[in-house]
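Report on the structure given below.
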Amino acid sequence: MTSELDIFVGNTTLIDEDVYRLWLDGYSVNDAVALRVRSGILEQTGATAGVLQSDTMDHYRTFHMLERLLHAPPKLLHQLIFQIPPSRQALLIERYYTFDEAFVREVLGKKLSKGTKKDLDDISTKTGITLKSCRRQFDNFKRVFKVVEEMRGSLVDNIQQHFLLSDRLARDYAAIVFFANNRFETGKKKLQYLSFGDFAFCAELMIQNWTLGAVGEAPTDPDSQMDDMDVDLDKEFLQDLKELKVLVADKDLLDLHKSLVCTVLRGKLSVFSEMETNFKNLSRGLVNVAAKLTHNKDVRDLFVDLVEKFVEPCRSDHWPLSDVRLFLTQYSVSVHSLDGFRHQVLWDRYMGTLRGCLLRLYHD
Amino acid sequence: MPGKLKVKIVAGRHLPVMDRASDLTDAFVEVKFGNTTFKTDVYLKSLNPQWNSEWFKFEVDDEDLQDEPLQITVLDHDTYSANDAIGKVYIDIDPLLYSEAATVISGWFPIYDTIHGIRGEINVVVKVDLFNDLNRFRQSSCGVKFFCTTSIPKCYRAVVIHGFVEELVVNEDPEYQWIDRIRTPRASNEARQRLISLMSGELQRKIGLKVLEMRGNAVVGYLQCFDLEGESGLVVRAIGTACTLDKLSSPAAFLPACNSPSKEMKESPFNEDPNPNPHSSGPSTPLKNQTYSFSPSKSYSRQSSSSDTDLSLTPKTGTGSGSAGKEGGPLKALLRQQTQSALEQREFPFLTLTAFPPGLLVHVGGVVSARSVKLLDRIHNPDEPETRDAWWAEIRQEIKSHAKALGCHAVVGYSESTSICEEVCILSASGTAAVLNPRFLQEGTVEGSLEQRIEENLPVGCGFCHIPYDELNMPFPAHLTYCYNCRKQKVPDVLFTTIDLPTDAVVVGKGCLIQARLCRLKKKAQAEANATAISNLLPFMEYEVHTQLMNKLKLKGMNALFGLRIQITVGENMLMGLASATGVYLAALPTPGGIQIAGKTPNDGSYEQHISHMQKKINDTIAKNKELYEINPPEVSEEIIGSPIPEPRQRSRLLRSQSESSDEVTELDLSHGKKDAFVLEIDDADAMEDVHSLLTDVPPPSGFYSCNTEIMPGINNWTSEIQMFTSVRVVRLSSLNLTNQALNKNFNGLCENLLKSLYFKLRSMTPCCLCHVNFTVSLPEDELIQVTVTAVAITFDKNQALQTTKAHAEKSLQRASADNEEMLQFPLELCSDSLPSHAFPAAKEHLESASSNSGTPAAQRAVTVEKASPMGDGNFRNRSAPPCASSTVGVVKMTPLSFIPGAKITKYLGIINMFFIRETTSLREEGGVSGFLHAFIAEVFAMVRAHVAALGGNAVVSYIMKQCVFMENPSKNQAQCLINVSGDAVVFVRESDLEVMSAQQPAVNCQPSCTGEVTT
């Protein structure tokens, strides 16, 4: 006796969270059944393996049918076929768009193209995440990217509106879209110690301060290139950053800057002497990063540069985080006392963000 | 020109891409009613077109309004080639034709295509202006209300119950017409859907006419079925109970009235028909003629001939009176006479009701059933469906005579069904013989004193158990005792019925679902030979089904079955029998005896041991079941009864018969003769098998109960969470060496596994009860068995479920008057306050089943388990709120029950009766047969919900999936499925909301709204 057909349809669509997770994780029905058996569900409920198999199949079928709608979450809300309570709808969407840390670190900053998609096999092997799950996560990134890429207004808001994600998840996606659009390099070996959270933090600061949308002015001319307000860096701003070069190019200014910082920090840093020795190198590093940002190539290497030019030197001298914070604060503030320097606003826009990023990046 | 139908096409959404080049669609809409068609403009390049059309007006006869569906077709405009159809919506406008129901149909309807399924939605507004005064010719029956509910609908009271109405119409099945060879599957499917829609409209109109003739204004317990007879045609038939209903109208008056319907009845007795009929013929006018469908003369002859054969069995009214107790005797006789006079005027004194207004049901005799095997022939003239009508008339006549033999004048809980395989058709009818109180059955009769005496004399809670037949002249061997409740009247030892448990019945413990399952192999044969083979098998099947039921009932330690439904299905090479019922322990009936096993060879030692081992197992099971279902009847001292409690004896209440085309009626004695105890003789392997199968039925896991009646006897503290579901299974039997035993085992396993699956799936709802569990078996092909189950899971409050027997009895008495209105709402309301989902403000009313029980762990776990992006509790709740709150889809509950726990039905909007066909030629791509049917059933639910929402309702009650015919051809990658569903669209208000109702609108979200829609 073989079962040809076996279905269960409820007026309210039944969603089993555990099975949903297994499905999202890309397990086949048989694997999912095996995992469920291992979880001890048979003993708890007194069910048989056959019952479990049938139940799992049912849920998988339902999820398969829901997947089309999950690709455009507002459709899930307006569709009539599946009656799902709103709290469950939210859960379905949120979980569907949730991604694995290990996976996102592999593709963060990469172009979301067919080429990358081909690499998913390797990523799957490397991370131990099933290929199916990798594909879903990659397709999610790409789908969100495609929808919001050309859109005006706040990136997070756009994502939230079109994908109905929680604020937290929408922010993460904003970071992913921002990184993918600017193609920041995150895969280098020296960046491996950084988590997605670190990058996402930086992305948020950069979106807030370095993009066109960050200027906060309503576009006067609707035809101007204000379209990608949150996704692209403010080109004009990057161009202006060249002006900061004077801080390291002008020897007097550099010395003055150093002495201002040293005066204040003397006795307050445990690594004062190291700081004093390294000041010029660090300052040169930070200012040169700014000056180079006109080239796309250098924009991509931003994080590599920051780690190389600032994080690593400090780390090798064993600066405690509190000293880094004090130093960066003083380093930024002291520029206001440099009489010869005219680009205070520009400096603050640059350093304010960079300071936040560096503090986040500064850990083991 | 008695009516004007107005239709407006507002907008579409989620349309499919019809132009691959642009990924868009140029959609327009055709609106068709009768032969008139209107078109909207083409809305270019959009998947969310906004047509905002003018009002399309159709001026039509009300006859057409009743028969025709409104047909809306969405098409994709194509300049160079023919326009492509996207899909269709059929809207039944019947609910707009009676004043109390819906006034407008407005909302989003799924656009349905028989090949592709649902393809987007369309927003439509429909109105009807009726000119009532032109209704003279009575070709139409606008204004007659239809209810699928098999009890008096909650916000009405029955003034008069007129009786049985039936009708059938036949036609050629478009699928078998010659033109079908040249048209597309889509065209063929649509022709079928349209035809069936037309036929049901016509049928309903004709039934309505009969109701008007009987001077009723409503049909309750309306059951419409299709017989797909293949080559021989298509039959649509319906039965129902004609009533005059009075609306308990004003909300203020409504509350108290509904709480004590019995009181209400007494205070304003059976006067004013709300719709006084223009032709006021006196009560002497025989109503008989009006119930006839065709050729009254023929019917006359039928009746007279039948009475010849029947009267010998039937105790005459007057003569039987002496038996039934000293006080009750003359009264009973009087009562009987009166009932008879009221009912005997009618050809068939049948009621399709399964629950009754207090006082209507006086005595219950037992189950009566009749089956007949017929050979189908082509229906030559669709306008005169006499053969089919005569077949049913024959069967009903048999039922009537069986009821008479039980000393009853009426049959309640009556239903009819068919099973067709090739050209053989089994017609079945069954019901419960009963004696009814005449006061509901006659118009304007003044009964005064008699009435009151009945009320006083009838003992509460056991009256219906008292035998209606003559003790000295019993129609079958039976064992009677004095009623354990009132000790005055005689009761049988076991009672089988097709009705719901009467609300005032005193029950001990809880009830449970009892099923008898049986397969019998049959040789493949053609025509006559096949029919003969089937007729020969039927008596054995009925006997075995009955024995199985009796054994299982005893094994549960119970003594009565309610809601009994025996389905016999015919296939190419086998017959299947499936009986479902709800077993209970009625306090009025004697304690059932145990089951004793006897071996044939008593001298064999090891055999003896085996037998005693089995006996022990059975005794243990009985004891365990008694504990499980809390059956601990109060001890009765013998003196009170006045006679020793006799050993209960097996006795059959099932009177049945078979007849082939030859009209031969056979009577079968299902009782086990004069055996004192119920003895199972194990004399061969078969019997062994039977005993084993008895013991294989596993009880539901803890926290679960199941029944096939409306409510579970012994549970009455329902909470408001409900989950209706349909589950379908098809199994293929290995064709090799099939034996009856292997078949039985397979079938048993199939049903048991299905139930286990249901328990597993619904485990998050415990404690809960599966109510109205409805199994349907069909044999679509040689080795395929299809089982379809529809039921509803309802949660209840566990703490209050633990009641003593006494409390149970009291409760059920209370319930009789309170009529389920006192169900507690608070536990759920309290707990839902703490739910995270409460953060969605608009979602409050959406908190349906799944969310309220498991919502808490759901959201919390979402937070805690999140690996990649850990987030705060607050984040999750608050931030997802704005997007989710904008859903425009209102929740529509569906239930096979006539009520919604924890809520009050405030309005009936009309019946939903929908028929869909779905076909695919890409079965594999749609996920195989399971994927195909899963999607289709979900779509059917969606379309039912959309229609209810468009009528302004928020629930369907008495929902039933009457047919689910599935055919597959995997080698051709094809499958087809036909589904027919029906129910009553209603508006309900949560009892907790009732207090604030003056300030608020009922929780309906039906208005079309485009706000919050996001274009993608």
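Only heavy atoms go into these numbers, but all of them, side chains included; no hydrogens, no water, no symmetry mates. Residue numbers start from 1 in every chain, and the chains themselves are labelled A, B, ... in the order their sequence lines are given, proteins ahead of strands. For clarity, every value in this text was computed on a predicted model and none was experimentally measured.
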Query raised in the report: For I7(A), does its backbone N or O pair with a side-chain atom of S930(B) as donor and acceptor, under 3.5 Å?
Result: no
Requested in this report: Step through the shown structure and confirm whether more than 12 heavy atoms of other residues, nucleotides or ligands are within 6.0 Å of CE on M961(B).
Outcome: yes
Query raised in the report: More than 12 non-hydrogen atoms from neighbouring residues, nucleotides or ligands closer than 6.0 Å to NE2 on H363(A), yes or no?
Result: yes
Donor-acceptor pairs are to be reported for all side-chain atoms of residues 939-949 of chain B against protein atoms at under 3.5 Å, with residues two or more places apart or in another chain.
unit_1, atom_1, unit_2, atom_2, d
E939(B), OE1, R918(B), NE, 3.4
E939(B), OE2, I118(B), N, 2.9
R945(B), NE, Q83(A), OE1, 3.3
R945(B), NH1, N11(A), O, 3.2
R945(B), NH1, N11(A), OD1, 2.8
R945(B), NH2, L80(A), O, 2.8
R945(B), NH2, I81(A), O, 3.0
H947(B), ND1, M943(B), O, 2.9
H947(B), NE2, Y90(B), O, 3.1

Interchain contact, [X] with chain A, by part (heavy-atom threshold 4.5 Å):
{"X": "F966(B)", "value": "side chain"}
{"X": "L784(B)", "value": "side chain"}
{"X": "L762(B)", "value": "side chain"}
{"X": "E968(B)", "value": "side chain"}

Query - Derivation and outcome, side-chain contact (heavy atoms from CB on, under 4.5 Å), residues L758(B) and F8(A) - result: CA-CA 8 Å; L758(B) 299 181; F8(A) 175 98; 3.7 Å; yes
Report summary line: Value for OG1 (T12(A)) from CD (E721(B)), rounded to nearest 0.5 Å, stands at 8.5 Å
Report summary line: Rounded to the nearest 0.5 Å, the CD atom of E4(A) sits from the CG atom of L933(B) at a distance of 12.5 Å
Query raised in the report: In terms of heavy-atom pairs under 4.5 Å with chain B, which of D58(A), V147(A), L76(A), V104(A) leads?
Result: D58(A)
Requested in this report: Check step by step if side-chain contact (heavy atoms from CB on, under 4.5 Å) holds for L14(A) and Q723(B).
Outcome: CA-CA 9 Å; L14(A) 279 185; Q723(B) 166 72 291; 3.6 Å; yes
Report summary line: In short, H78(A) meets R13(B) closest at the heavy-atom pair O-NH2, 3.0 Å
Report task. Examine whether an atom of D16(A) lies under 4.5 Å from a heavy atom of chain B, and if so say whether it belongs to the side chain, the backbone or both; otherwise answer neither. Result -> side chain
Query raised in the report: What do the steps show when you test I41(A) against F760(B) for side-chain contact (heavy atoms from CB on, under 4.5 Å), and what is the final call?
Result: CA-CA 10 Å; I41(A) 196 163; F760(B) 180 75; 3.8 Å; yes
Report task. Just do the side-chain contact (heavy atoms from CB on, under 4.5 Å) check on H934(B) and V9(A) with the steps written out, would you? Result -> CA-CA 7 Å; H934(B) 190 150; V9(A) 191; 3.7 Å; yes
Report task. Report the option among K761(B), M724(B), K756(B) that has the most heavy-atom pairs separated by less than 4.5 Å from atoms of chain A. Result -> K761(B)
